Amino acid sequence: MFVEVALDLPIDQTFYYRVPKVVSYLPEVGKRVIVPFGKNDLLKTGIILSIKDSIDYSPEKVKEIFDIPDNFPLFAEKTLELTKWISNYYCASIGETLFAFLPSGFVVSESFYIKLSNREISVNLTESEEKIVEILKSASGRLKLSSLRRKVKVSSFYQAIKNLIYKGIIVREEFIKTDLIPKEEFVVLKRLEKVRGKKEKELLQYLETLKKAKLSDLKRYGFTRQTVNKLVSKGLVEIIEEKTTIANKPQELIEKKEIELTPSQKRAFEEILEAKTKKFLLYGVTGSGKMEVYLKTAFEFVKRGRSVLILVPELLLTPELRARVESYFGSNIGIYHGKLSQKEKVSTWLKAVKGETKVFIGTRGAVMLPIKDLGLIIVDEEQDSSYKEQQKPYYHAREVAIKRSELDNFPIVLVSATPSVETYYRVKKKEIRKLELKERVSNVPLPYIKVVNLQKSKRFSIFSEELLKTLENTVKKGEQVFLFINRRGFFSTSFCLSCGFIVECEDCCVPLTYHKQEKQLICHMCGKRYKPIYRCPKCNARLEFKGYGTERVEEELRILYPNFKIVRLDQDTIKNPSTGARIIKDIKEGKYDVIVGTQIASKGHNFPKLTLVGVLMADLLGGAPDYMASERIFQTIVHTTGRAGRFKPGAAIVQTFNPELPAIKWAVEYKFNSFYEEELVARKLLNYPPFTKGVLVEFQLEKISSFQKIEKEFGKLKETLSSFFSIPDISPAPLPKVSGKYRFISFFRAVDERKLLSGIKILKKEFLNRFKGIRYKIEVDPVRIV
DNA sequence: AGCACGCCGACT
DNA sequence: GTCGGCGTGCTC
């Protein structure tokens, strides 16, 4: 018997191995295998793609599997199909794709131990086997496989190892608990004794009453592993591993908090259950109760024996949200996100395999969880760009989720107040059914949004008079103000600080970027170059390329209002999770008057006392100068202003130089459909997605001089690929130099998915041939172009 | 991706 | 004379 195996390599090739008579478990598609690979036969982890009786490969070159360590597949057969789609569409190998999703806790290589067992050697050993035993004895019975091999140096090393394991003379230390029930570390009290350390004393006191506590719980109460270890070394406590009870409990189905639905919520809920169509967009403003609808729907699916996966953007997976979901489903839910430890990820992955946990909530990587009986996927805040993986295989979790629901034929619900233009377009094409929640659940009206035209202020300052006046009044009333600025929002765009004029490309309607070295304005969509303009064509003021970040806003505010309690909430101040949590707690408790913050502050948290939101420079919310800038401005304005007055009426002030920009105009008037329609017209006119499929190609060059070579090759490439894509010239990236590498980009467009897929195959091959030794990336459907 | 094999410059 | 640079070719 042979198996076809995918390995974590960037090549479109699978490998065949012979299955020996003795393996821990039988081969099965989707299971993990440990195989020797390459000249040195280093062990690698692979995934079984198929099982064959005969193969078309010279028999003497076929190697034997080292082991199949699990009795269950780590990828469901259907998700393997999904992987193939991802690998095709996003231009990565199958192996890379599989291993991008699989928690690395499952990946074993050379670093596990071989131990001598206690059994008497009663059978005859071959020469090689003898030698292995000898060397193990001299190393007090235990060695890493890698060092054992280095020392032994016999030809049939693995054969000998496998035989010795079979004969029971040596054992392999398990790489991962094949036991499906996750184990957890408990701290048990052994005896009491006077200790000197304050923390140690506290811990002993705590354990005196409980006798036994989960290590993870202790950590939550502020005890550290170090303290526990000290007590272990003193012999007062011990750490044991025990199966957790939670995973064995079947899904609790106590609807702890009865979800009452309003009539329009009920209509949406019922329509998903009827499932006449399979794809839905749950659409409604903040506070319209979208979450209640999807949680109730999820509950109903679990009641019918199906599992549910809820995907959320990175910043949304807060303890708050978790608590809310737990209040409906009990504690037996699977949590999965990038910041979990390897062990935790493995544990959730295994929960999915086992099928006793029915509700999973996670960020983009969770989309591949091998959930048993999966019957519904919910994608909350579907427009959020954190669903796009920014590494190979650059997949978009929303798209993968849609594909997964198609392959398994179950419903999917996208949820958003400000859907992506892509999704809106699909609704328009009737590929997705829109379920709209028109009114807010509470009677609190949406915040009144006032636009302040910065062009009309006499001289430029960060705060308009109107904003300052309202800010003072709000703080006097004892309420909070949130000033929003997106610091990452300025490249060297030619942006006039006195009238807000933005210099755009005449072909692409995208802001031009000023390049210092070349002293030129360059369009990052088509690469067209323009002579720089140093004076604003509208008001003749000098064009500046500077920006205004949170720090500067905070500083100026402190000078204006020395008595206000001001706090800054951005990547810098939130870096440390515990201080971040503290700041958020303090804000909720009303310890601050004004919060100056970036995107980070505007997501996932409800600040009850917040009644005024100020958007300082709405023009900059687009971030990168690409065709999606308008969409991002729109979404950001709606989201940030929506933070105001969740519990009592609030207001928002949007400062801008361009009040006529569609993204700003329609957002503040709450005329969302008008925005989408206008945006679609613009995209159609310029042939941008969703009317085409975009591929971002990027080169990272060590020396700028190699650009000539690349450009020449690129020219030839253009000819070969022009029947699949429209390809502009290669041009410097908006961020032309990052960590010493010179970046050049080109944005390819294919008319539809079919052209894209056939074009990508050739693209990949051509790149492999032409750009050897050059760092490049190929990203399909990029969410931003920087 | 990693790693080995292979053919040309500055050094004991 | 050799050590070592990284170009290219392979991995079941």
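Computed over heavy atoms, backbone and side chain alike; hydrogens, waters and symmetry mates excluded. As the structure is a prediction and not an experimental result, all values here were calculated from the model. Here is the naming used below: chain letters follow the sequence lines, and residue numbers restart at 1 for every chain.
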Trainee: Just the endpoints, please: which first and last nucleotides of DNA chain C, 5' to 3', lie under 4.0 Å from a heavy atom of chain A?
Mentor: C:dT11 to C:dC12

Trainee: Would the number of heavy atoms belonging to other residues, nucleotides or ligands and lying under 6.0 Å from CZ of A:Arg18 be above 12?
Mentor: yes

Trainee: Once you apply a heavy-atom cut-off of 4.0 Å, does A:Ile11 come out as touching a base, just sugar-phosphate, or nothing?
Mentor: base

Trainee: Around A:Glu753, counting heavy atoms of other residues, nucleotides and ligands shown, do more than 12 lie under 6.0 Å from its CD?
Mentor: yes

Trainee: Please check if the side chain of A:Glu96 supplies one atom and the backbone of A:Asp8 the other of a donor-acceptor pair under 3.5 Å.
Mentor: no

Trainee: Do you know which two heavy atoms are closest between A:Leu311 and A:Ile377, and how far apart they sit?
Mentor: CD1-CG2, 4.3 Å

Trainee: Can we call the ring centroids of A:Tyr158 and A:Phe66 under 6.0 Å apart?
Mentor: yes

Trainee: Does the separation of the ring centres of A:Trp349 and A:Phe75 fall below 6.0 angstrom?
Mentor: yes

Trainee: Base, sugar-phosphate, or nothing for A:Tyr17, non-hydrogen atoms under 4.0 angstrom?
Mentor: sugar-phosphate

Trainee: Decide if the gap between the ring center of A:Phe714 and the ring center of A:Phe771 is smaller than 6.0 angstrom.
Mentor: no

Trainee: Between protein and nucleotides 4-9 of chain B, what N or O pairs are separated by less than 3.5 Å?
Mentor:
unit_1 : atom_1 : unit_2  : atom_2 : d
B:dA4  : OP1    : A:Asn40 : ND2    : 3.1

Trainee: Rounded to whole angstrom units, what separation is found between the CG atom of A:Leu9 and the P atom of B:dG2?
Mentor: 9 Å

Trainee: Once you round it to whole Å, what is the distance between P of B:dA1 and CZ of A:Phe767?
Mentor: 14 Å

Trainee: Decide, yes or no, whether a salt bridge links A:Asp41 with A:Arg149 under the criterion of side-chain N to carboxylate O below 4.0 Å.
Mentor: no

Trainee: Under 4.0 Å between any heavy atoms, over every strand shown, what does A:Glu4 touch: base, sugar-phosphate, or nothing? Just pick one.
Mentor: nothing

Trainee: Hey, can you pull the residues of residues 705-715 of chain A with a non-hydrogen atom under 4.0 angstrom from DNA chain C?
Mentor: none

Trainee: I'd like to know whether the aromatic ring centres of A:Tyr688 and A:Tyr627 sit less than 6.0 Å apart in this structure.
Mentor: yes

Trainee: Run the ring-centre check on A:Phe699 versus A:Phe707 and record whether the distance is less than 6.0 Å.
Mentor: no

Trainee: Rounded off to whole Å, could you give me the NZ-to-C1' distance for the A:Lys44 and B:dC3 pair?
Mentor: 11 Å

Trainee: Checking side-chain polar atoms at under 3.5 Å, does A:Gln342 have a donor or acceptor matched by the opposite partner on A:Glu344?
Mentor: no

